[in-house]
Visitor: 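Questions regarding the structure given below will be posed in turn.
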Amino acid sequence: MISSALNSWFVANARDLPWRRDGFGAWGILVSEFMLQQTPVNRVIPRLEEWLTRWPTPASLAAVPPSEAVRAWSSLGYPRRALWLHAAAVQITQLHDGVVPSDLNDLLALTGIGDYTARAVAAFAYGHRHPVVDTNTRRVIARAIAGVGEPSPPSRGRDLDAMGALLPQSAQEAALFNAAIMELGAVVCTSRRPHCAVCPIRDDCAWRAADYPEYTGTRKTVQKKFAGSDRQVRGLIMAELRSTHRSVTDADIATLWSDAAQLRRALASLVADGLAIPADDGYTLPT
DNA sequence: AAACCGTGGTT
DNA sequence: TAACCAAGGTT
């Protein structure tokens, strides 16, 4: 029973993270989950605390223009998430009386919330019994249960079934286990150099039992190079937009990157995303 | 459903 | 140093 072993280990070894504090609240947990989508814990914590001090409720965020959310997002990356979080706050305010919903389908209907985030909020904020599957969970299951070094590409049904099969019956133990297996993947059963010597389930690990076979399945698609990419150029334009409260002119933008065609392409995609708004004299953040 | 979307620390 | 990787979501 890896769930009881992992839960005991987690109770004794969990990192002291803000969203694990007593009474952190559903809104704080929702904000943290948005920020943690592909951004490391250590970079999230300071932005999260600023954010919640300034906007302690969904309604307080919904009351300001999206530009303020994008600015406060700072350099967390993927600024569309700031826009989506603001949109979710508006939806929560208008559709749910300002209360973060606890129902999976209600959560999934919010902008920027997918399977992982909906389940994380329902489980961690409300204690509901749902399998929660993130990249850490998938890696631990691949190793400890399936005996392979890496998870195969994500498959919603398979992943939820695999986690569901391990989930304790009681909602409280289940919520703890969802967090515990993620934590194990984050700090012990890491992607590159797993710390098997200190793993609380090493004696139950199928990968270790098979003497750590090399992964032979489908590799996940490699991330495209960032340097010189459209993503880099978008990032430069966004930093410029965030840096001022007046509009950014074409001349300003031209100084950011030498390839004019790529600059145009990046700017057009930001406009399409609603992150840059054409104005008389240039571009602004969405107000 | 594969590709796209930021940023910065680690190896 | 270049590649890898990070509590995903959307199209």
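Here is how names work: the chains are called A, B, and so on, in the same order as the sequence lines, proteins then strands, and each is numbered from 1.
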Visitor: Find the distance A:His130:NE2 to C:dA7:P and express it as a whole number of Å.
Guide: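 Rounded to the whole Å, the gap is 22 Å.
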Visitor: Kindly give the heavy-atom pair with the smallest separation between A:Ala62 and A:His86, and that separation in Å.
Guide: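 Minimum heavy-atom separation between A:Ala62 and A:His86: O-NE2, 4.1 Å.
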Visitor: When you compare B:dG6 with C:dT1, how far apart are their P atoms, in angstrom units rounded to a whole number?
Guide: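 Result for the P pair: 27 Å, nearest Å.
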Visitor: In Å, rounded to the nearest 0.5 Å, how long is the span from SG of A:Cys189 to CG of A:Leu6?
Guide: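 Reported value, rounded in 0.5 Å steps: 9.5 Å.
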Visitor: Whole angstroms only, please: what is the NZ-P distance between A:Lys225 and C:dA3?
Guide: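 Rounded to the whole Å, the gap is 6 Å.
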Visitor: Measure from the side chain of A:Asp134, starting at C-beta and using heavy atoms only, and say which of C:dG9, C:dG8, C:dA6 lies closest.
Guide: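 Out of C:dG9, C:dG8, C:dA6, the nucleotide with an atom closest to A:Asp134's side chain is C:dG8.
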Visitor: Which part of the nucleic acid, if any, lies within reach of A:Ile113 when heavy atoms closer than 4.0 Å are counted: base, sugar-phosphate only, or nothing?
Guide: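 The answer is sugar-phosphate, as A:Ile113 gets under 4.0 Å only of primed atoms, P, OP1 or OP2.
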Visitor: Can you see if the side chain of A:Gln38 gets near the phosphate of C:dA6 - specifically, an N or O under 4.0 Å from OP1 or OP2?
Guide: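 A:Gln38 to C:dA6 OP1/OP2: no side-chain N or O under 4.0 Å.
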Visitor: When rounded to the nearest Å, what value does the distance between P atoms of C:dA7 and B:dT10 take?
Guide: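 The same atom, P, in both gives a distance of 14 Å.
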Visitor: Determine whether A:Leu36 and A:Leu110 fall in the same hydrophobic cluster, where Ile, Leu, Val, Met, Phe, Trp and Tyr are linked whenever their side-chain heavy atoms lie under 4.5 Å apart.
Guide: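 Yes: a chain of side-chain contacts under 4.5 Å links A:Leu36 to A:Leu110.
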Visitor: For A:Leu30 versus A:Ile92, what's the shortest heavy-atom pair and its separation?
Guide: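 It is CD1-CD1, 4.1 Å.
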Visitor: Measure CG/A:Asn136 against C1'/C:dA6 and give the value in whole Å, please.
Guide: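 Nearest whole value for this atom pair: 9 Å.
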Visitor: Using a cut-off of 4.0 Å on non-hydrogen atoms, how would the nucleic acid contact of A:Asn42 be classed: base, sugar-phosphate, or nothing?
Guide: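 Here A:Asn42 touches no strand at all.
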Visitor: Please report the distance separating the C1' of C:dA6 from the corresponding atom of B:dA1, rounded so that it comes out in whole Å.
Guide: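 Each nucleotide's C1' atom is 22 Å from the other's.
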Visitor: In this structure, would A:Val90 and A:Trp55 fall into the same cluster of hydrophobic residues linked by side-chain contacts under 4.5 Å?
Guide: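 A:Val90 and A:Trp55: separate clusters.
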Visitor: Please report, rounded to the nearest Å, how far the P atom of B:dC4 is from the NZ atom of A:Lys224.
Guide: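 The distance from NZ of A:Lys224 to P of B:dC4 comes to 5 Å, rounded to the nearest Å.
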Visitor: Think A:Ser75 has a side-chain N or O under 4.0 angstrom from the OP1 or OP2 of B:dT7?
Guide: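 Answer is no, no contact under 4.0 Å.
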Visitor: Applying a 4.0 Å non-hydrogen cut-off, can you work out what A:Trp73 is touching in the nucleic acid: base, sugar-phosphate, or nothing?
Guide: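 If one applies the 4.0 Å heavy-atom cut-off, A:Trp73 turns out to touch nothing in the nucleic acid.
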Visitor: Watson-Crick or G-U wobble partner for C:dA6, using a 3.5 Å limit on both distances?
Guide: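 Result: B:dT7.
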Visitor: Without decimals, in angstroms, what is the distance between A:Glu150 CD and C:dA6 C1'?
Guide: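 The answer, rounded to whole Å, is 15 Å.
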Visitor: Just call it for A:Gly77: base, sugar-phosphate, or nothing, with non-hydrogen atoms closer than 4.0 Å on any strand.
Guide: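 The residue A:Gly77 makes base contact.
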Visitor: If you only use heavy atoms from C-beta on, which nucleotide in C:dC5, C:dA7, B:dT7 is closest to the side chain of A:Phe226?
Guide: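 My answer, after comparing the listed nucleotides, is B:dT7.
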Visitor: When the nearest nucleotide of DNA chain B is assigned to A:Thr221 and to A:Gln37 on a heavy-atom basis, which residue is associated with the more 5' position?
Guide: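 Counting from the 5' end, the first nearest nucleotide belongs to A:Thr221.
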Visitor: Determine which nucleotide pairs with B:dA2, using a 3.5 Å limit on both distances of a Watson-Crick or G-U wobble pair.
Guide: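 The base-pairing partner of B:dA2, which may sit in any strand shown, is C:dT11.
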Visitor: Would you tell me if any nitrogen or oxygen in the side chain of A:Arg139 comes within less than 4.0 Å of OP1 or OP2 on C:dA6?
Guide: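 For C:dA6, OP1/OP2 do have a side-chain N/O of A:Arg139 under 4.0 Å.
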Visitor: Which part of the nucleic acid, if any, lies within contact of A:Leu17, taking any heavy atom under 4.0 Å across all strands shown: a base, the sugar-phosphate backbone alone, or nothing?
Guide: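 Result for A:Leu17 = base.
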Visitor: Is A:Asp230 salt-bridged to A:Arg234, cutoff N-O under 4.0 Å?
Guide: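 Result for this pair is no, no salt bridge flagged.
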Visitor: With a cut-off of less than 4.0 Å, is there a side-chain N or O of A:Arg192 near OP1 or OP2 of B:dG9?
Guide: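 For A:Arg192, the contact criterion (side-chain N or O under 4.0 Å from OP1 or OP2 of B:dG9) is not met.
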Visitor: Return whichever of A:Val222 or A:Glu183 has its heavy-atom-nearest nucleotide of DNA chain C closer to the 5' end.
Guide: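 Residue closer to the 5' terminus by nearest nucleotide: A:Val222.
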Visitor: Would you check, one step at a time, whether the test salt bridge (charged side-chain N to carboxylate O under 4.0 Å, His left out) holds for A:Arg129 with A:Glu173?
Guide: CA-CA 9 Å; A:Arg129 186 180 180 279; A:Glu173 292 296 310; over 6 Å; no
Visitor: With a non-hydrogen cut-off below 4.0 angstrom, is A:Thr117 in contact with a base, only sugar-phosphate, or nothing?
Guide: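 Since only primed, P, OP1 and OP2 atoms lie under 4.0 Å of A:Thr117, the category is sugar-phosphate.
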Visitor: What does A:Gln232 touch in the nucleic acid at a heavy-atom separation under 4.0 angstrom: a base, only the sugar-phosphate, or nothing?
Guide: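 Contact class for A:Gln232: none.
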Visitor: Classify the nucleic acid contact of A:Phe34 as base, sugar-phosphate or nothing, counting any heavy atom under 4.0 Å across all strands shown.
Guide: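 Touches nothing.
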Visitor: Decide yes or no, distance alone: a donor-acceptor N/O pair under 3.5 angstrom between the base of B:dT7 and the side-chain of A:Arg231.
Guide: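 Result: no qualifying N/O pair found.
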Visitor: Would you mind telling me which of B:dG6, C:dC5, C:dA7 lies closest to the side-chain atoms of A:Leu36?
Guide: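 Nearest to the side chain of A:Leu36 among the choices is C:dA7.
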Visitor: If you take atom types as modelled and just measure distance, does the side chain of A:Gln223 reach the base of B:dA3 with a donor-acceptor pair under 3.5 Å?
Guide: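 Check fails, no donor-acceptor contact within cut-off.
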Visitor: Looking at every strand, decide which applies to A:Thr135 at a 4.0 Å heavy-atom threshold: base, sugar-phosphate, or nothing.
Guide: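 Sugar-phosphate: the residue A:Thr135, judged by heavy atoms under 4.0 Å, touches backbone atoms but no base.
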Visitor: To the nearest Å, how far apart are A:Asp230 CG and B:dG6 C1'?
Guide: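 Rounded to the whole Å, the gap is 13 Å.
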Visitor: Measuring from the side chain of A:Ala186 (C-beta onward, heavy atoms only), which nucleotide among B:dC5, C:dA7, B:dT7 has the closest atom?
Guide: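 Among B:dC5, C:dA7, B:dT7, the one nearest the side chain of A:Ala186 is C:dA7.
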Visitor: Please test A:Glu33 against A:Arg81 for salt bridge (charged side-chain N to carboxylate O under 4.0 Å, His left out), starting from the C-alpha separation and ending with a verdict.
Guide: CA-CA 11 Å; A:Glu33 293 298 350; A:Arg81 290 181 295 158; over 6 Å; no
Visitor: With heavy atoms under 4.0 Å as the rule, sort A:Arg242 into base, sugar-phosphate or nothing.
Guide: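 Since only primed, P, OP1 and OP2 atoms lie under 4.0 Å of A:Arg242, the category is sugar-phosphate.
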Visitor: Once you apply a heavy-atom cut-off of 4.0 Å, does A:Arg193 come out as touching a base, just sugar-phosphate, or nothing?
Guide: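 If one applies the 4.0 Å heavy-atom cut-off, A:Arg193 turns out to touch nothing in the nucleic acid.
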Visitor: Between A:Asp273 (CG) and C:dT10 (C1'), how many Å, whole number?
Guide: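 The distance from CG of A:Asp273 to C1' of C:dT10 comes to 10 Å, rounded to the nearest Å.
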Visitor: Could you give the CH2-to-P distance, from A:Trp84 to C:dT11, as a whole number of Å?
Guide: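 After rounding, the gap between these two atoms is 7 Å.
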Visitor: Would you indicate what A:Pro79 reaches in the nucleic acid, counting non-hydrogen atoms under 4.0 angstrom: base, sugar-phosphate, or nothing?
Guide: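 If one applies the 4.0 Å heavy-atom cut-off, A:Pro79 turns out to touch the sugar-phosphate alone, with no base involved.
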